[in-house]
Asker: 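Here it is: the structure, laid out below.
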Amino acid sequence: MKLNYKRTILVGFAFFLISAFWQAYDTLVPLMLTNRFGLDQTWSGVIMSLDNILALFMLPLFGALSDKKDTRFGKRTPFIVIGAVAAILCFVGLTFADNAQLNRVMESGTETYWTENYEVENREYNSITNNGVAEKYTVWDYTALVKYNKTYTQLDETQKAELKSWYTTKLDADTKYYYDKSNNSYTLVEQDTVLPKGALTTNAYSSLVSDARSQFAKSVTAGNAWILAIFIIVLLMVLISMATFRSPAVALMPDVTVKPLRSKGNAIINLMGTAGGILVLLLGMIFDTSAVKNQMMSYTWFVVAVCGIMLAALIVFVLTVKEKKWNAEMLSMQEILDAAESEKEKSSPQATTAANETTATTADEATPPKKERLPKDKLVSLILILASVALWFTGYNAITSKYSVYSLNVLNKSYNTTLLIAQAAAVVAYIPVGMLASKIGRKKSILIGIGLLTVAFGGAIFINASTPGWIMYILFALAGIAWATINVNSFPMVVELAKGPNVGQYTGYYYTASMAAQVVTPILSGALMDAFGTMSVLFPYAAIFVAMSFVTMLFVKHGDSIPDAPKDKLEMLAGDD
């Protein structure tokens with residue numbers, strides 16, 4: 001018996017387009033909300049949590065609806081086609097609302113931020129190390145420090161006029177300055193500027209203009225919020241469209257794959273999804289969406305390109321996947337396998353005893369078995385595992401939902417590159433992680449993963465705009481490896497505690513814990529950023545919640561059976577079925 005790789009890859013195109021969408025959505029929408037509409041991190045977090053709120057009830061609903069629906073194209077295909085087409089159209093439509101707001105903000109010009117005398121966050125201030133500088137400066141003072149190394153009041157009238165002219169006409173995305181911590185001095189980097197060896201520079205445009213422009217965008221939105229209202233309505237249409245076919249797309253692989261081969265099949269699906277995400281990140285690098293100079297670019301053509309990839313994947317899916325035929329062949333093959341397994345059990349001397357102990361272990365039986373209650377010690381372990389899941393998703397999702405904004409506005413670094421490195425590291429880590437778990441067990445593997453993720457997020461606390469990019473790349477590669485280690489082993493620990501007929505129920509427990517965390521964390525992390533007045537809260541927040549999951553996981557005593565080594569290395573990529 002061998003997995004039909006070609007069929008599984010073709011089925012995987014549905015998950016490919018889903019992952020491509022979410023990769024674009026998670027990086028672009030936070031930038032739209034903060035840069036175009038000027039929303040603070042709390043309200044941005046509320047809107048970013050909408051997809052998770054919808055997922056809590058829409059994913060089970062449409063999964064159940066697709067179970068009951070039967071057309072000449074199959075159960076899942078109509079949901080996938082209609083939902084994907086609607087999502088593509090609405091996603092492109094979302095950029096039109098974004099462009100309308102963008103035009104209103106850009107009509108003002110840089111001079112507006114100067115005359116309004118905005119107060120912006122000082123890039124040299126660090127709440128942890130505290131370099132002895134002010135946390136915020138007025139635009140006037142900060143600009144004067146960068147250009148003249150003086151406060152605005154220390155300038156004469158000629159210098160003030162020159163400063164205004166420089167800020168409004170000559171300052172651009174390539175302008176940099178050097179800050180010397182030893183004497184708290186600023187040096188504007190010009191063509192003939194000589195800097196100390198190994199000096200690290202900061203992007204002046206992001207420091208002096210971006211923050212002020214975001215504040216101006218907020219005032220534009222407050223003055224007329226109808227574009228924001230339209231944006232949110234279209235955004236809801238996008239999310240609802242995606243929710244209608246996410247569960248049917250995931251359910252299609254088991255529909256066409258016999259049970260013994262579903263782990264391998266799930267590995268292929270996961271790889272297809274990762275490929276979709278990586279392709280969008282590469283596309284983002286081509287469009288340079290993460291460059292400081294492109295903070296206020298129109299995303300329409302980038303989204304059109306992403307939607308083109310989604311549409312191409314959908315066309316391949318529709319033209320090649322024969323759901324009804326493949327499902328019928330799977331059911332026929334599964335019936336033969338079940339019959340052979342039944343005969344094998346009957347011939348076993350322990351058949352009678354085994355039958356009594358494992359009555360009705362599959363969901364295919366006509367009479368529903370009686371569900372057994374977990375013993376108290378196993379119930380405690382289940383609660384601790386679910387608490388751990390909620391905690392590490394609280395930390396991890398805060399990064400995924402806020403990092404694009406943080407990277408541009410705080411680090412002045414490409415989020416496309418760092419996220420691409422994290423995903424690539426995760427893919428490379430899957431097989432070693434599987435080998436590790438088969439030798440030392442799931443719990444120890446997860447604890448190692450939690451430790452690595454805490455180190456990665458903890459190390460990122462000390463990264464700023466002057467830090468070399470390669471340090472961030474190492475930390476994100478470490479985070480990718482850590483997340484793979486956690487993610488592959490956590491779901492199996494939950495369902496290990498379930499009896500055969502209760503697997504679906506325990507799967508629901510797992511996803512309820514993870515989705516609930518992803519509803520709360522964009523809002524909570526955003527509220528803390530607003531409360532402290534800085535985005536620098538992001539990585540401490542994430543590190544603390546991930547570290548807390550180590551404590552809860554440490555006391556788990558069940559669900560950690562060490563499985564036999566997979567027969568095929570591909571099975572190590574499978575994660576959860």
Asker: Run the ring-centre check on Phe231 versus Phe37 and record whether the distance is less than 6.0 Å.
Answerer: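 Close enough - the centres of the two rings lie under 6.0 Å apart.
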
Asker: What's the verdict on side chain to side chain contact (heavy atoms under 4.5 Å, CB included) for Leu10 and Trp326, showing C-alpha distance, side-chain angles and the deciding distance?
Answerer: CA-CA 12 Å; Leu10 294 174; Trp326 295 355; 4.2 Å; yes

Asker: To the nearest 0.5 Å, what is the distance between OG1 (Thr417) and CG (Leu282)?
Answerer: 9.5 Å

Asker: Which distance, rounded to the nearest 0.5 Å, do you find between the CE of Met32 and the CG of Leu39?
Answerer: 13.0 Å

Asker: Evaluate whether atom CE of Met58 has more than 12 neighbouring non-hydrogen atoms of other residues, nucleotides or ligands under 6.0 angstrom away.
Answerer: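 Counting neighbours around CE of Met58, more than 12 heavy atoms of other residues, nucleotides or ligands fall under 6.0 Å, so yes.
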
Asker: Quick check: Trp483 with Tyr396 (ring centres under 6.0 Å apart)?
Answerer: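 Distance test on ring centres: under 6.0 Å, yes.
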
Asker: Hey, are the side chains of Val306 and Leu28 touching, using non-hydrogen atoms and a 4.5 Å cut-off?
Answerer: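 No, side chains not in contact.
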
Asker: Taking Ile481's backbone N and O only, do any of them form a donor-acceptor pair with Thr485's side chain (distance below 3.5 Å, no angle check)?
Answerer: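 Yes: the side chain of Thr485 pairs with the backbone of Ile481.
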
Asker: Could you give the distance from CG (Leu102) to OG1 (Thr300), rounded to the nearest 0.5 Å?
Answerer: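 Reported value, rounded in 0.5 Å steps: 9.0 Å.
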
Asker: Is the ring pair Tyr25/Trp22 parallel, tilted or perpendicular, if the boundaries are 30 and 60 degrees?
Answerer: perpendicular

Asker: Would you call Phe317 and Glu323 a side-chain contact if the rule is heavy atoms closer than 4.5 Å?
Answerer: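 A side-chain contact under 4.5 Å is absent here.
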
Asker: Using a strict threshold of under 4.0 Å (side-chain N to carboxylate O), is an ion pair present between Lys75 and Asp255?
Answerer: no

Asker: With under 30° as parallel and over 60° as perpendicular, where do the rings of Tyr403 and Phe476 fit, or are they tilted in between?
Answerer: tilted

Asker: If you define the side chain from C-beta out and look only at heavy atoms, does anything of Ile450 sit under 4.5 Å from Val546?
Answerer: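 Yes, at least one pair of side-chain atoms sits under 4.5 Å.
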
Asker: In Å and rounded to the nearest 0.5 Å, what is the CG to CD distance from Asp51 to Gln518?
Answerer: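 Reported to 0.5 Å precision, the distance equals 8.0 Å.
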
Asker: Kindly compute the distance separating CG (Asp98) from CG (Leu33), expressed to the nearest 0.5 Å.
Answerer: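 Separation between the atoms: 9.0 Å.
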
